[in-house]
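These notes concern the structure reproduced below.
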Amino acid sequence: MSSKVRKLQYSLAINEAFHQMMACDKSVFLIGQGVKSPWYVGKTALGLLKKFGPERIIDTPVSENAITGAAVGAAIAGMRPIVVHPRMDFMMYAMDPIINEAANWHYMNGGRGTAPVVIWGVINRGGEQGAQHSQSMHALFAHIPGLKVVMPSNSYDAKGLMVSAIKDDNPVVYIDDRWLYNIEGEVPEELYSVPIGKGIIRKSGKDITLVSVSYLVLETLKAAEILEKEGIKAEVIDLRSVKPIDKDMLEKSVKKTGRLLIIDGGWKTCGLAAEISATIAESALFKDLKSPIYRLALPDIPAPSSCTLEKEYYIDCNKIINKVKKIFE
Amino acid sequence: MMEKKISKIELKKIYKTMLRIRICEESLVPYILNSEIKCPVHLCSGQEAVAAGVCAAITSKDNIFGNHRSHGHFLAQGGKIKDLIAEIFGKESGCSRGRGGSMHICDPSVGMLGSAPIVAGTISLAVGCALASKIRKTNNVTISFFGDGATGEGVLYESLNFASLKKLPVIFACENNLYSTHLSIKECRARNNIFEIGKHFGIPGFRIDGNDVLKVYAAAKKAVNFCKNGQGPVFLEFMTYRLRGHVGADDNVQGVHTDIRPLNEIKKWKKKDPIKKFERYLLENNIFKKIDFEMIENEVITEVNDAYIFTRESSFPKASELNKYVFKS
């Protein structure tokens with residue numbers, strides 16, 4: 001590629017996607033709480049207000065339902081809004097415009113209208129923030145027909161998937177994790193996109209397939225490196241899109257390894273890990289499995305506050321290593 | 001007098017719109033009763049003046065959003081009777097290709113962007129559409145049609161605040177037909193002051209006789225001008241009454257008697273029938289002769305009959321196309 005590649009923080013990669021998309025498409029605008037603030041949405045909104053003005057960078061009152069609805073309505077009217085929820089817990093106020101309206105719009109109008117809106121939710125886990133400032137709701141949205149859900153794990157995908165989400169003619173739920181915001185990764189300067197619905201193999205291996213998404217891809221990769229030294233060669237798949245899921249990539253990998261562990265930052269019951277597990281269990285691969293399919297997901301418990309409980313609650317590299325070792329026992 | 005400014009051609013158009021709505025609505029009754037129509041149908045007979053008067057004040061470049069009771073809005077904004085009836089009968093040739101039914105009707109080509117039965121669900125969408133107009137500087141107005149029952153939903157208040165804050169060109173058109181589904185609005189609201197709801201957000205509000213089409217038109221025209229001058233939103237409460245029950249054909253005479261409204265109340269409102277009222281006005285002021293009414297009625301009956309022929313000749317959506325339109329590709 002002729003384009004210059006340099007290291008960029010995850011949050012700045014998102015910021016670059018906004019700058020480039022807003023410069024080339026006048027219908028793109030950003031709306032939601034905190035977009036005028038230098039800290040509220042990390043560095044993702046850096047310089048946008050100055051460059052594009054308050055008409056297209058719209059900071060809002062805490063009215064998630066109406067503001068998300070307004071973004072959906074603007075999308076129906078032909079715009080390409082991004083509506084941000086700096087804490088995705090507050091997005092629960094906006095379930096009606098997301099699920100009843102945006103997701104159904106194209107279908108229930110027989111294709112005569114569509115809502116190309118990006119609904120962007122930020123997960124703010126940890127830091128003793130407790131039950132209502134820590135929730136990862138990707139499975140909830142992935143359940144809904146008409147929605148696409150993406151969860152980038154690094155700077156390159158953060159930019160590329162945001163570009164794809166904005167360009168997509170359908171509503172896309174873009175979920176990122178605040179823990180990723182300051183991590184640097186290589187990002188081309190040019191405008192590029194990462195396809196929605198395509199996963200990526202972060203590390204090849206033959207013994208077990210480890211599937212993960214968003215922040216937990218980093219922990220999974222760390223675990224895979226350590227496991228390799230101990231003789232277990234794990235293949236790490238970064239799903240990148242929770243919906244649609246890259247079924248082909250999963251099947252090919254599991255066919256090769258015969259073992260599957262899904263690592264998910266959402267709750268276990270009816271979650272993403274359950275969905276992937278069922279997808280493989282009901283496929284022709286069932287007979288190729290050398291062991292049961294395992295899930296390492298959050299327990300069905302609200303996020304605690306105290307750090308000792310948080311340590312027990314969240315998944316990290318060590319928990320992944322222990323789980324894999326148990327599978328091979 | 002405001003009425004004198006309206007040309008005979010315009011008066012004829014408004015009258016014809018009202019008649020199109022009434023004859024279309026009443027034509028559905030036998031098919032609701034014999035279950036040939038299967039989807040839930042919320043007839044707006046008796047409320048024609050609101051749709052006809054408001055939509056006469058705007059053009060097809062302006063936009064409207066409706067609700068579960070929106071056949072009238074669809075037709076008044078220029079939607080075709082055949083597209084509506086085919087949709088209600090679940091045909092592929094319907095305005096939403098048989099995917100929406102009576103509660104999801106749209107015709108973006110004339111500015112009718114959509115309707116939804118989640119009470120108050122499209123209010124924020126209309127606000128977003130107005131936001132899109134403001135960003136693009138198109139100077140178009142958006143009408144949000146909702147019922148008195150929708151004033152119980154929180155999103156209305158968030159929407160009013162945001163629309164006023166950003167001085168958006170949106171008209172909140174509340175059709176107060178005195179009932180929130182089955183329940184008298186008196187049993188829903190602490191005060192009888194719907195038209196004043198916007199005042200606390202700095203939005204001018206007016207209560208209008210919604211069965212007097214000329215008063216509706218005059219108020220809508222004034223509100224449209226207010227919006228187009230960049231002065232922000234307007235709230236209009238139209239006092240009206242549906243001649244049939246909440247859903248289906250029920251009028252306490254035909255079908256099952258689910259309508260619990262007092263009979264003497266229905267009788268009283270039948271005397272205020274907006275079409276008869278307008279006919280009297282047109283005759284008394286020597287604007288129309290009896291023969292004019294007959295000619296218009298014949299035109300409308302022909303249009304409705306043609307719509308039924310079109311619907312009968314249309315096919316149902318193919319089962320193999322169940323998943324068509326989930327996503328725009």
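Scope of the values below: all heavy atoms of this structure, side chains included, with no hydrogens, waters or symmetry mates. So that the names make sense, note that chain A is the first sequence line, chain B the second, and so on, each numbered from 1.
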Rounded distance (nearest 0.5 Å) linking atom [atom1] of [X] with atom [atom2] of [Y]:
X: B:S133; Y: A:M79; atom1: OG; atom2: CE; answer: 9.5 Å
X: B:C106; Y: A:W105; atom1: SG; atom2: CH2; answer: 7.5 Å
X: A:M108; Y: B:R97; atom1: CE; atom2: CZ; answer: 15.0 Å

Highest number of heavy-atom pairs under 4.5 Å with chain B: which of A:K26, A:K148, A:E64, A:R56?
-> A:K148
Please determine, among A:D169, A:T68, A:N109, the option with the most heavy-atom pairs under 4.5 Å with chain B.
-> A:N109
Picking from [options], which has the most non-hydrogen pairs under 4.5 angstrom with chain A?
options: B:V127, B:L156, B:V326; value: B:V326
options: B:I123, B:L322, B:L168; value: B:L322
options: B:A130, B:S159, B:G100, B:C129; value: B:C129

Do [X] and [Y] come close enough that some side-chain heavy atom pair is under 4.5 Å?
X: B:L125; Y: A:I76; answer: yes
X: B:K166; Y: A:I58; answer: yes
X: A:I31; Y: B:F162; answer: yes
X: B:L165; Y: A:P61; answer: yes

A quick test of your reading: do over 12 heavy atoms of other residues, nucleotides or ligands sit less than 6.0 Å from [atom1] of [X]?
X: B:K228; atom1: NZ; answer: yes
X: B:K61; atom1: NZ; answer: no
X: A:H143; atom1: NE2; answer: no
X: A:Y93; atom1: OH; answer: no

Indicate yes or no: does B:D107 engage A:R112 in a salt bridge with an N to O separation below 4.0 Å.
-> yes
Examine whether an atom of [X] lies under 4.5 Å from a heavy atom of chain A, and if so say whether it belongs to the side chain, the backbone or both; otherwise answer neither.
X: B:Y157; answer: neither
X: B:T142; answer: neither
X: B:L113; answer: both

Part of [X] within contact of chain B (heavy atom distance under 4.5 Å):
X: A:F29; value: side chain
X: A:L147; value: backbone
X: A:E55; value: both

[X] versus [Y], closest heavy-atom pair with distance:
X: B:S124; Y: A:A66; value: CB-O, 3.6 Å
X: A:N170; Y: B:K328; value: OD1-N, 2.6 Å
X: A:E101; Y: B:T122; value: OE2-N, 4.5 Å

Mind checking salt bridge (Lys or Arg N to Asp or Glu O under 4.0 Å) for A:D157 and listing every partner two or more places apart, or none if nothing turns up?
-> A:R202, A:R240
